[in-house]
Amino acid sequence: MIVVIGATGRYGREVIEHLLRRGVPAAEIVAAVRTPTEATALAALGVGVRHADHDRPETLPTAFAGADKLLLVSSTGPDPVRVAQHRAIIDAAAKADVGLVAYTSVTRAATNPMTSARVHRDTEQALTASGLPTVLLRNGWYTENHTATLPGAVARGTLSGSAGQGRIASATRSDLAEDAAVILTLDNQAGKIYDLTGDTAWTLPELAAACAAHTGRPVTYTDLPAEQYWQSLTQAGLPSHTADLIVDADLYISQGALAHITGDLSLVLERTTTPLTTVVARTLGI
């Protein structure tokens, strides 16, 4: 049985969809979710649904009971909260004697300078200390982290950020979710580490140019000082901790933190990763 944490989130849901496409019977998949009523679509597919609230550790052992494999999808929110949630999940997985934990970490976790990488390093260390058989899915940057706002950027004629000319070897959420589904269906994965990036790296000016090319409208990139970019994000309604992480990531992107290409993702998928231009066209409805 494969248990997927956070299955009502976009990534977790796509992992389950990919598992089903790969022929895993729905009855052998469990969606472990905070709010079971939000998983009715998964239940309609025959997927099991269990209550698993990261902030209520007493709900976790039952949710993980009988799990051969558990996909620990990293949570969101302030770092101290995420650390506590991940540790509670790991403790419960150990008590449930889960056969294998797959954890969605971050690319180059050991040396990644981004502030968000600290939670992933802590979680990897906690997994090692637990003695649980573990496979690390060190996910690179989601392409959607920058393409989700493209309709607004096209309307304004400008795409903003603080990444300068830094290159981003991103991958789509679907590609990374498919990778997780593949790994979860393979044997002998304990102890393996996958560093998952896209096959090409691009810059925000290149992203703006791709928007212009697809729409025929002028779109340019505006590089903002960190404080000004943070203010624009919070004024748009993002929580301050989310804006902190986005700006922090952009600044490190400008220094090359996400420019590396590993080839691990395309190797697992047995195909090239989804090109940026494809995501741009899809996002803009072209």
May I ask you to check whether over 12 heavy atoms, not counting those of [X], lie within 6.0 Å of atom [atom1]?
{"X": "R118", "atom1": "CZ", "answer": "no"}
{"X": "R271", "atom1": "CZ", "answer": "yes"}
{"X": "E58", "atom1": "CD", "answer": "yes"}

For [Y], is there any backbone N or O sitting under 3.5 Å from a side-chain donor or acceptor partner on [X]?
{"X": "W202", "Y": "I168", "answer": "yes"}
{"X": "S266", "Y": "T273", "answer": "no"}
{"X": "R167", "Y": "A201", "answer": "yes"}
{"X": "T35", "Y": "E38", "answer": "no"}
{"X": "T278", "Y": "T274", "answer": "no"}
{"X": "N112", "Y": "T107", "answer": "yes"}
{"X": "Y11", "Y": "T104", "answer": "no"}
{"X": "T134", "Y": "L132", "answer": "yes"}

Between [X] and [Y], does at least one N-O distance fall below 4.0 Å, as a salt bridge requires?
{"X": "D122", "Y": "R82", "value": "no"}
{"X": "E178", "Y": "R22", "value": "no"}
{"X": "R138", "Y": "D195", "value": "no"}

Requested in this report: May I ask you to decide if the ring planes of Y103 and H86 are parallel, tilted or perpendicular, using 30° and 60° as cut-offs?
Outcome: perpendicular
Looking only at heavy atoms, which two atoms of [X] and [Y] are closest? And how far apart?
{"X": "S116", "Y": "D248", "answer": "N-OD2, 4.4 Å"}
{"X": "I261", "Y": "T200", "answer": "CD1-CA, 3.9 Å"}
{"X": "S105", "Y": "E124", "answer": "OG-OE2, 2.6 Å"}
{"X": "D79", "Y": "T115", "answer": "OD2-O, 4.1 Å"}

